[in-house]
Amino acid sequence: MTYFSASRWYSPSASEASPFSEATLVAAAQAGQHWAFVELCNRHSKRILFTLYKITKNREDAEDAFQESILKAFIHFADFNQNSSFATWFTRININSALMLLRRKRARPEISTDATARESVGHQHWEIAARDPDPEDHYIQREDEERLR
């Protein structure tokens, strides 16, 4: 499964093994060959998504952190100085993105309004009070008005 695709750039298909080494792909990506960056991300996506899932404990959050880190890696790819491997550099960016996502969620906790999620996880049930008067109070008020007339 490909998580990052760039349809307008050439990218070797996932079914064929890439004949390029990581160093060759890094050099091509730094020279502006976008397909090389895509190939680097695809090569490491499965392992990194597994790592992110272990951190976030949530598939959607893991995918969000992965997408965010792809963008960060793409923007800062010129800063990659090859002191470490691309895999190490990219993994570190992903882990930092996942930790930042968890930090943001902890600062602003979210409550699911989905009934199935609420029942399966055991969240408390919230009901929105109707603004209409209670039917019993409505009839009592009507009887009082009739007596006054």
Side-chain angles (χ1 to χ4, degrees), residues 1-139 141:
M1 174 181 281
T2 301
Y3 292 95
F4 181 70
S5 65
S7 58
R8 62 180 196 210
W9 300 306
Y10 168 75
S11 177
S13 69
S15 62
E16 64 185 65
S18 176
F20 303 108
S21 69
E22 186 172 290
T24 304
L25 289 171
V26 167
Q30 286 184 331
Q33 300 295 321
H34 299 290
W35 65 266
F37 182 78
V38 172
E39 175 61 28
L40 284 167
C41 291
N42 284 337
R43 238 180 223 192
H44 303 290
S45 64
K46 188 174 182 177
R47 180 183 50 78
I48 288 175
L49 277 168
F50 181 73
T51 303
L52 294 177
Y53 180 76
K54 288 192 314 187
I55 294 170
T56 62
K57 310 272 190 280
N58 182 323
R59 182 177 154 222
E60 289 80 18
D61 288 344
E63 290 175 354
D64 288 346
F66 184 65
Q67 288 180 356
E68 184 179 315
S69 57
I70 287 174
L71 180 61
K72 286 180 184 177
F74 186 76
I75 291 170
H76 299 287
F77 195 69
D79 300 336
F80 176 58
N81 58 11
Q82 300 181 20
N83 286 340
S84 61
S85 69
F86 175 80
T88 303
W89 180 75
F90 191 50
T91 302
R92 190 71 243 167
I93 291 173
N94 277 276
I95 290 171
N96 287 340
S97 291
L99 294 174
M100 288 302 294
L101 186 130
L102 290 176
R103 198 171 294 142
R104 282 192 304 263
K105 287 184 101 174
R106 188 177 26 198
R108 289 175 285 156
E110 299 173 357
I111 298 174
S112 174
T113 58
D114 185 20
T116 57
R118 194 173 47 239
E119 294 166 1
S120 65
V121 180
H123 289 226
Q124 61 185 356
H125 182 70
W126 292 37
E127 289 187 26
I128 299 173
R131 295 184 186 268
D132 299 333
D134 184 17
E136 187 176 343
D137 291 338
H138 175 70
Y139 286 114
Q141 182 181 2

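Once rounded to the nearest 0.5 Å, the distance linking CD1 of I93 with CZ of F77 reads 9.5 Å. With rounding to the nearest 0.5 Å, the separation of CG in L101 from CZ in R106 is 11.0 Å. With rounding to the nearest 0.5 Å, the separation of CD1 in I48 from CD1 in I70 is 8.5 Å. Interatomic distance, CZ of F37 versus CG of N42, reported as 10.0 Å (0.5 Å rounding).
Listed by chain and residue number, R142 satisfy the side-chain contact (heavy atoms from CB on, under 4.5 Å) test with Y139 (two or more places apart in sequence, or in another chain). Applying the side-chain contact (heavy atoms from CB on, under 4.5 Å) rule to Q33 yields the partners A28, W35, A36; only residues at least two apart in sequence or on another chain are considered. With sequence neighbours left out, the side chain to side chain donor-acceptor pair (under 3.5 Å) criterion links S69 to N94. The salt bridge (charged side-chain N to carboxylate O under 4.0 Å, His left out) test applied to R92 returns no partner, not counting sequence neighbours. With sequence neighbours excluded, no residue forms a side chain to side chain donor-acceptor pair (under 3.5 Å) with S84. E22 meets the side-chain contact (heavy atoms from CB on, under 4.5 Å) test with V26, L40, R43, H44, S85, F86, A87; sequence neighbours excluded.
Applying the salt bridge (Lys or Arg N to Asp or Glu O under 4.0 Å) definition to pairs two or more places apart or across chains, those involving residues 71-83 are E68-K72. Residue pairs meeting the side chain to side chain donor-acceptor pair (under 3.5 Å) criterion with at least one partner in residues 48-58, sequence neighbours excluded, are absent.
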Under the side-chain contact (heavy atoms from CB on, under 4.5 Å) criterion, do L49 and R59 qualify, and how do the steps go? CA-CA 9 Å; L49 277 168; R59 182 177 154 222; over 6 Å; no
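Looking at F20 and E39, their side chains never come closer than 4.5 Å, going by heavy atoms from C-beta outward.
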